[in-house]
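Written below as structure tokens is the structure these notes are about.
One-based numbering along the sequence shown.
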Amino acid sequence: MPNELVINTSSHETRVALIENGTIAELYIERSKVKGIVGNIYKGKVVRVLPGMQAAFVDIGLEKAAFLYVADVFDALDEYDSFMEGNGSKKEVGQEEESEGPVLHPMHPIEDLLQEGQELLVQISKEPIGTKGARITSHISLPGRHLVYMPTVDHVGISRRIEDEEERERLREIVDRIRPAGSGFIVRTVSEGKSEDDLLADLKYLLKLWEEVAKKKDNVHAPALIHSDLDVTQKVVRDILTESVDRIVVDSKPEYDKVVQFITTFMPKMKYSIELYDEEEPIFDNFGLEVEISRALGRKVWLKSGGYIIIEQTEALTAIDVNTGRFVGKHNLEDTILKTNLEAVKEIAYQLRLRNLGGIIIIDFIDMEKEVNREKVYGALEEALKADKSKTNILKISELGLVEMTRKRVRESMGRMMCEPCPYCEGRGYVKSKITVCHEIFRELRREMLDIRGAKVTLTVHPQVADLLYDEERRGLEELERRFKKRITVRAKPGFHQEQFEIAIS
């Protein structure tokens, strides 16, 4: 089946879905009121330096101060002007997740690099997630179609996804020859097989863009936005559109024109089919995507065999539990467990991409007795994650059947973007049972009745709690009435929270 990009645009939201083999593989959402800021460049002001955390908070004009770790500080600050001119530094820094490249080990403590009130150029590397502010870096990187330009690095890196050694050397030689002295570049995966002219055109565009950034930063005071990255549609087209994508379908004429212009300008040699969708049925309904998105927000995901996985997301950790469910197998228990785990591997890799789950991930596979079966499941997980563009690190399956892994996270997960904590349970995922609430009421009545002078007590509760008090828990009320010689009347109020109750005296 063809791979497709489906773009749904309205006045308040843009959604871009990547469909692989007829199934939604990735979903990108950008809302007009909450635009993505990863890649944006700001002139910021240091508001607090924390030696104990080796980090600093920088005001870049957002609601919360951004977080700057010492390893993300460009430490040649006495040569900052030459840095701004793009001369670069031979200090080596980290880079785009999909590429090989240098890694910086900080040489100085952060209090020697930054002072409060200092202004510096920074770039968003991670969106604000949950209660945390944005993560920033002073090592700027400007992504193009084929290359990523890094002004603070003297290095040429090649995407790890380009596996042919001859092609890697060819690309390295071209970029090393055409780049300005002292500048750094990463050769992206889509550069495989591209000509020198393609790479040179991208390089010139990125150098010009950097000149504009450097010029603008001198004319503004911190905090200020210096450069905005592309909107979600252009970013996805730039980063995801490859020869494997056969068709782009857009349901908005202005967005259609924008995509056509972008591809014509930056990818003129791309062979693609782009269509304007003008049917009355919403485009995501037509492609069956709304059902998949709703499924991706659920806690339980069923497997075809009858097994299922449970996905629980916390602030910094996601736990995934694999269960056999209704699947009873055909031969023996070990075979049933292996088949369930192997099926779960494919679904887990799919759900990680679709939901954009990141950070620490713990997968609790069903325990397997045979080492060879554990190796099969581990190998299948490694293979399934190869299609994931986000960087992942996986540890071997432990004796308890657990896999610990990490997945790079730069933006909110689908669940956090589309949902909010339940106001009913305050995000706990559960509420006190009706019986527990009844017993809490009895304890509170005992405390209150010691000081009550009136003859009648009115108890206002949730309707289901009222039913329980009239039925199974009636003896508890009658005991209190006899003990304190007072009449207790129960009144049901539909608008009450299940845990809420009021005691009134008359």
Ignoring hydrogens and angles, write down the donor-acceptor pairs under 3.5 Å from the side chains of residues 360-372, residues two or more places apart or on other chains.
{"from": "Glu371", "atom 1": "OE1", "to": "Arg374", "atom 2": "NE", "distance (Å)": "3.3"}
{"from": "Glu371", "atom 1": "OE1", "to": "Arg374", "atom 2": "NH2", "distance (Å)": "2.6"}

List the atom of Ala134, the atom of Ile124, and the distance in Å for their closest heavy-atom pair.
-> CB-CD1, 3.8 Å

Go through the steps to decide whether Asp229 and Asn40 satisfy the test side-chain hydrogen bond (donor to acceptor under 3.5 Å, both in side chains), and finish with yes or no.
-> CA-CA 5 Å; Asp229 202 4; Asn40 286 2; over 6 Å; no

What closest approach, in Å, do Thr137 and Leu68 show between heavy atoms, and which atom pair accounts for it?
-> CA-CD1, 3.8 Å

First locate atom CD of Glu479, then atom CZ of Phe484, and finally report the distance between them rounded to the nearest 0.5 Å.
-> 9.5 Å

Backbone N or O of Phe262 within a donor-acceptor pair of the Arg238 side chain at under 3.5 Å?
-> no

Heavy-atom distance under 4.5 Å between the side chains of Val345 and Ile348, does that happen here?
-> no

Please tell me if the side chains of Leu469 and Leu459 come closer than 4.5 Å, counting only heavy atoms from C-beta onward.
-> yes

So, does Glu275 use its side chain to make a donor-acceptor pair with the main chain of Arg247 at under 3.5 Å?
-> no

Near-ring test Phe57/Phe67, centroid separation under 6.0 angstrom = yes

Verify whether one side chain among Asp251 and Asn8 offers a donor that lies under 3.5 Å from an acceptor in the other.
-> yes

Any donor-acceptor N/O pair, Thr406 side chain to Gly359 backbone, under 3.5 Å = no

Please confirm whether the backbone N or O of Leu357 pairs with a side-chain atom of Arg407, one donor and one acceptor, at under 3.5 Å?
-> yes

One should read off an interatomic distance between Arg483 CZ and Leu445 CG, to the nearest 0.5 angstrom, of 11.5 Å

Using a strict 4.0 Å threshold on nitrogen-to-oxygen distance, state whether Glu312 and Arg299 make a salt bridge.
-> yes

Is any side-chain heavy atom of Ile19 less than 4.5 Å from a side-chain heavy atom of Asn3?
-> no

In terms of side-chain heavy atoms, does Glu279 have a donor or acceptor partner in Asn286 at a distance below 3.5 Å?
-> no

Looking only at non-hydrogen atoms, find the nearest pair between Arg135 and Tyr69 and report the distance.
-> NH2-CB, 3.7 Å

Would you please test Val6 and Leu289 for side chain to side chain contact (heavy atoms under 4.5 Å, CB included) and show each step?
-> CA-CA 10 Å; Val6 180; Leu289 302 179; 4.3 Å; yes

Return yes if some donor-acceptor pair links the side-chain N/O of Arg48 with the main-chain N/O of Glu116 below 3.5 Å, else return no.
-> no

Are there more than 12 heavy atoms of other residues, nucleotides or ligands under 6.0 Å from atom CZ of Arg447?
-> yes

About how many Å separate CD of Glu481 and OG1 of Thr489, when rounded to the nearest 0.5 Å?
-> 7.5 Å

Hey, is NE2 on His221 packed in by over 12 heavy atoms from elsewhere, all under 6.0 Å?
-> no

For the student: nearest non-hydrogen atoms of Ile24 and Ala17, plus distance | CD1-CB, 3.8 Å

Backbone N/O of Ile110 and side chain of Gln54: donor-acceptor pair under 3.5 Å | yes

Considering the options Asp278, Ile7, Val249, which one meets the side-chain contact (heavy atoms from CB on, under 4.5 Å) requirement together with Ile283?
-> Val249

Do Ser159 and Thr189 pass the side-chain hydrogen bond (donor to acceptor under 3.5 Å, both in side chains) test, and can you show the C-alpha distance, the side-chain angles, and the key distance before you say yes or no?
-> CA-CA 6 Å; Ser159 167; Thr189 309; 2.7 Å; yes

Any side-chain heavy atom of Val58 sitting closer than 4.5 Å to one from Lys45?
-> no

Compare every heavy atom of Leu225 with every heavy atom of Ile41, then report the nearest pair and how far apart it is.
-> O-CD1, 3.5 Å

Given the rule in the side chain to side chain contact (heavy atoms under 4.5 Å, CB included) test, do Arg15 and Ile293 qualify, once you have shown the distances and angles that lead to the verdict?
-> CA-CA 11 Å; Arg15 299 185 297 173; Ile293 294 171; 4.0 Å; yes

Would you say the side chain of Leu354 lies within less than 4.5 Å of the side chain of Glu26, judging by non-hydrogen atoms?
-> no

Could you grab the distance from atom CG of Leu352 to atom CG of Leu385, nearest 0.5 Å is fine?
-> 6.5 Å

Counting N and O atoms only, with roles assigned by atom type, does the side chain of Tyr42 sit under 3.5 Å from a partner on the main chain of Leu120, one being a donor and the other an acceptor?
-> no

Decide if atom CD of Glu290 counts as having more than 12 heavy atoms of other residues, nucleotides or ligands within a radius under 6.0 Å.
-> yes

Show the numbers, then the answer: is there a salt bridge (charged side-chain N to carboxylate O under 4.0 Å, His left out) between Arg353 and Glu20?
-> CA-CA 12 Å; Arg353 284 183 70 191; Glu20 293 180 351; 3.2 Å; yes

Take Arg475 and Glu478 through the salt bridge (charged side-chain N to carboxylate O under 4.0 Å, His left out) test and state the conclusion after the steps.
-> CA-CA 5 Å; Arg475 283 184 59 188; Glu478 291 173 348; over 6 Å; no

Residues Glu375 and Lys396 bridged, charged N to O under 4.0 Å = yes

Neighbour count >12 (heavy atoms, 6.0 Å) for atom CD, Glu63 = no

For Lys493 and Pro463, which heavy atoms make the closest approach, and how far apart are they?
-> O-CD, 3.3 Å

Under 4.5 Å between any side-chain heavy atoms of Ile37 and Pro128, yes or no?
-> yes

Flag, side chain of Glu13 to backbone of Ser10, donor-acceptor distance under 3.5 Å | no

Taking the side chain from Lys43 and the backbone from Val220, do they hold a donor-acceptor pair closer than 3.5 Å?
-> yes

Do Glu343 and Ser305 have side-chain N/O donor and acceptor atoms under 3.5 Å apart?
-> yes

Applying side-chain hydrogen bond (donor to acceptor under 3.5 Å, both in side chains), run through Asn373 and Glu334 and close with a yes or a no.
-> CA-CA 9 Å; Asn373 288 342; Glu334 185 74 5; 2.9 Å; yes

Check: Thr23 main-chain N/O paired with Glu292 side-chain donor or acceptor under 3.5 Å = no

Option passing side chain to side chain donor-acceptor pair (under 3.5 Å) with Lys432 (candidates Gln498, His497, Glu499, Glu440) | Glu440

Using a strict 4.0 Å threshold on nitrogen-to-oxygen distance, state whether Asp231 and Lys235 make a salt bridge.
-> no

Start with the C-alpha distance between Ile248 and Glu4, add both sets of side-chain angles, then the distance that settles side chain to side chain contact (heavy atoms under 4.5 Å, CB included), and finish with yes or no.
-> CA-CA 6 Å; Ile248 306 172; Glu4 301 165 307; over 6 Å; no

Working to the nearest 0.5 Å, report the span between CD1 of Ile29 and OG1 of Thr14.
-> 10.5 Å

I would like to know whether Thr458 and Ile503 meet side chain to side chain contact (heavy atoms under 4.5 Å, CB included); could you show each step before the answer?
-> CA-CA 6 Å; Thr458 302; Ile503 299 172; over 6 Å; no

Starting at NZ of Lys253, measure out to OG1 of Thr9 and round the result to the nearest 0.5 Å.
-> 13.0 Å

